[in-house]
Protein chains: 2
Amino acid sequence: MFIAIIMKSNDKQTKEQEILKAAEQEFLTKGYDGARTTSIAQAAGVTHAMLHYYFRTKEQLFDRIVESKFSTMSQSLIAILGDPTLPIVERLKVGIGAHFDFVAENPQLPRFVINEIVSRPERYDVLYKRVGSVVDNVYNGLQADIDRAAARGEIERVDVRMLLISIMSLNIFTFLAYPFMEPLMGELMANRERFIEARKAENIATILKRIEKR
Amino acid sequence: MFIAIIMKSNDKQTKEQEILKAAEQEFLTKGYDGARTTSIAQAAGVTHAMLHYYFRTKEQLFDRIVESKFSTMSQSLIAILGDPTLPIVERLKVGIGAHFDFVAENPQLPRFVINEIVSRPERYDVLYKRVGSVVDNVYNGLQADIDRAAARGEIERVDVRMLLISIMSLNIFTFLAYPFMEPLMGELMANRERFIEARKAENIATILKRIEKR
DNA sequence: ATTTGCATTAACAATTCTGTTAAACAATAT
DNA sequence: ATATTGTTTAACAGAATTGTTAATGCAAAT
């Protein structure tokens, strides 16, 4: 009796979650247009009618994935804030590294988000405001810190928004273009782990040198 | 008589080219899966049967666009080489700026290429080798120059491949993520021209500082 | 045991999209 | 004038894809 209940409720969750998992994979790699509901259902081990039973339409299923991915995206930006108790250079080291690690764990995310924003901007007004306020927080949280260090003559004064764009560029592009660069770079990228670590150090070095005083 | 001939041949070229132009736009923004042959035909002002008459299939039409875009991509990489007669710092300024300008004129290109490589890698083995040899050239063309300057103590010695990735990251990401960042950055990006110019200067500054000696 | 409610399936319907074809058309060469 | 060649259109065919539905199964509650 007990066992039966547990099994039932597990199965129920599993089927729906199985579909979500398969959908995430399919949408992230192929995008909305390239994804096939039948292919998602197959990957989840159910008939495609089940997909419609749980999520009604392809679009609603897609929205569930988008919602979750935008949330992850916001978190990754917050990571850049680093540890506010540390001196600015250390703080940036931590922040850039944490952001890098975050992207490393969600390497398909940036391409997905950018593609969606480009192909249907109007759809994302709501989700967007959330990200917008996160960016504001990161900006406010860092600019004052940098200004203070610059006033003390420790670093060069820079616009944090420009610095943020540079950080995101360096960290995100590494993974965005990985499949493109990998066959072009020979030994440098032969060992993925090694290359990723080297890239992380390089990005941190690049940003820190950017704010160095001459 | 003359006039008739000229008009005819003009029209002929124009129809086919009109389709190519519309196809480029459609494929670049929506990708292969999102593009519709009927929509391309409509944008070109012809029935969609014409599209099949000239290009047989959607895939063959697509291949024509891909071919041309990979070629543009290769050119943009060559631009990084800059002017080899200049001293290294000046040379890099020119190279990074030229690459930036190239991307600025083809802002949709990187997203298109990356998406294609990710979604069907096997298709691009041939085109890829071309890009690969271009990268080798750029690498060889710059590393020796940098090593010499480093030996003279003018700059810090760096791995050019890492530097190339950083340059591409900074330059390409600016346009790749533009639609994503634009609503998030307020006044900084309110004026596109202004922002683009500022970004170009920032990217050059970032790379040059990276190779500065401490 | 029967009912109730959700889960599941298979078959089908509707639409959209790519690609074809046969006929009409236009310009040129003979 | 007529034949020839390439261009264009409209109508259609086939396939793929999303979404629906009616019937069935199955566990739990009464």
Side-chain angles (χ1 to χ4, degrees), chain A residues 1-66 116 119-120 123, chain B residues 1-66 116 119-120 123:
Chain A
M1 172 96 138
F2 247 112
I3 293 161
I5 292 167
I6 290 164
M7 279 181 59
K8 174 79 200 298
S9 100
N10 262 8
D11 272 5
K12 200 172 123 193
Q13 286 188 342
T14 314
K15 290 253 170 165
E16 192 171 338
Q17 285 174 345
E18 212 68 41
I19 295 172
L20 274 173
K21 212 175 73 185
E24 176 173 324
Q25 182 54 25
E26 178 100 355
F27 283 132
L28 278 177
T29 53
K30 303 189 185 167
Y32 183 82
D33 292 319
R36 299 287 162 241
T37 54
T38 49
S39 152
I40 292 171
Q42 202 183 351
V46 299
T47 63
H48 83 280
M50 285 303 294
L51 183 149
H52 290 289
Y53 174 70
Y54 281 117
F55 302 98
R56 193 87 185 145
T57 65
K58 179 183 182 182
E59 199 155 325
Q60 280 185 46
L61 174 57
F62 182 71
D63 284 345
R64 285 284 293 272
I65 307 299
V66 166
E116 279 310 307
S119 56
R120 348 192 203 158
R123 271 191 69 135
Chain B
M1 168 89 139
F2 248 113
I3 294 162
I5 291 166
I6 290 163
M7 281 181 58
K8 173 75 200 301
S9 98
N10 264 7
D11 273 4
K12 199 171 124 193
Q13 286 187 341
T14 314
K15 290 253 170 167
E16 191 171 339
Q17 284 174 345
E18 212 68 43
I19 294 172
L20 273 173
K21 211 174 74 185
E24 176 172 323
Q25 182 55 25
E26 178 101 354
F27 283 132
L28 278 178
T29 54
K30 303 189 185 169
Y32 183 82
D33 292 320
R36 298 287 162 241
T37 55
T38 49
S39 155
I40 292 170
Q42 201 183 352
V46 299
T47 63
H48 83 281
M50 286 302 293
L51 183 149
H52 290 290
Y53 174 70
Y54 280 117
F55 301 99
R56 194 84 186 148
T57 66
K58 180 183 181 181
E59 199 154 324
Q60 279 185 45
L61 174 57
F62 182 72
D63 284 345
R64 284 283 293 272
I65 306 298
V66 165
E116 279 311 308
S119 56
R120 347 193 205 156
R123 270 191 68 137

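Keep in mind the model is a prediction, meaning the values are calculated, not measured. Residue numbering restarts at 1 for every chain, and letters A, B, ... go by the order of the sequence lines.
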Peer 1: Please state how far atom CG in Leu61(A) lies from atom P in dT17(D), giving the value in whole angstrom units.
Peer 2: 16 Å
Peer 1: I need the CD-P distance between Glu59(B) and dA16(D), as an integer number of Å.
Peer 2: 14 Å
Peer 1: For Gln60(A), give me all partners under side-chain contact (heavy atoms from CB on, under 4.5 Å), at least two apart in sequence or on another chain.
Peer 2: Arg56(A), Thr57(A)
Peer 1: Atom pairs under 3.5 Å, N or O on each side, protein against nucleotides 10-17 of chain C: can you list them with distances?
Peer 2:
residue : atom : partner  : partner atom : Å
dC17(C) : OP1  : Arg36(B) : NE           : 3.1

Peer 1: Verify the contact: side-chain N or O of Arg56(B) to OP1 or OP2 of dT18(C), cut-off strictly under 4.0 Å; return yes or no.
Peer 2: no
Peer 1: What distance do Met50(B) atom CE and Tyr53(B) atom OH have between them, rounded to the nearest 0.5 Å?
Peer 2: 7.0 Å
Peer 1: Side chains of Val66(B) and Phe27(B): does their closest heavy-atom pair fall under 4.5 Å?
Peer 2: no
Peer 1: According to a strict under-4.0 Å criterion, is Tyr53(B) in side-chain N/O contact with OP1 or OP2 of dG6(D)?
Peer 2: no
Peer 1: Would you compute the distance between atom CD1 of Ile40(A) and atom CG of Leu61(A) and round it to the nearest 0.5 angstrom?
Peer 2: 5.5 Å
Peer 1: Which nucleotide wins on minimum distance to the side chain of Met50(A), given the candidates dG19(D), dT8(C), dT9(D)?
Peer 2: dT8(C)
Peer 1: Would a 4.5 Å heavy-atom cut-off, applied to side chains only, mark Tyr54(A) and Leu20(A) as touching?
Peer 2: no
Peer 1: For Ile40(B) and dG19(C), give me the distance from atom CD1 to atom C1', rounded to whole Å.
Peer 2: 14 Å
Peer 1: Whether Glu18(B) and Lys21(B) form a salt bridge (side-chain N of Lys/Arg under 4.0 Å from carboxylate O of Asp/Glu) is what I want to check.
Peer 2: yes
Peer 1: Taking atom P of dG19(C) as reference, at what distance in whole Å does atom CD1 of Ile19(B) sit?
Peer 2: 14 Å
Peer 1: Grab the CZ-C1' distance between Phe55(A) and dA7(C) for me, whole Å please.
Peer 2: 14 Å
Peer 1: What's the CD-C1' distance between Glu16(B) and dG6(D), to the nearest Å?
Peer 2: 12 Å
Peer 1: Pull out every residue in residues 20-32 of chain A that has a heavy atom closer than 4.0 Å to any atom of DNA chain C, ordered by number, or say none.
Peer 2: none
Peer 1: Can you tell me how far C1' of dT18(D) sits from CG of Leu51(A), to the nearest Å?
Peer 2: 10 Å
Peer 1: Any side-chain hydrogen bond (donor to acceptor under 3.5 Å, both in side chains) involving residues 23-35 of chain A? Give me the pairs, sequence neighbours left out, ordered by first then second residue.
Peer 2: Glu24(A)-Lys69(A), Glu26(A)-Ser39(A)
Peer 1: Check side chain to side chain donor-acceptor pair (under 3.5 Å) between Gln42(B) and all other residues, then give those that pass, not counting sequence neighbours.
Peer 2: none
Peer 1: Only counting residues at least two apart or in another chain, list the ones meeting side-chain contact (heavy atoms from CB on, under 4.5 Å) with Ser119(A).
Peer 2: Glu116(A)
Peer 1: Return the value, rounded to whole Å, for the distance between atom CZ of Phe62(A) and atom P of dT18(D).
Peer 2: 13 Å
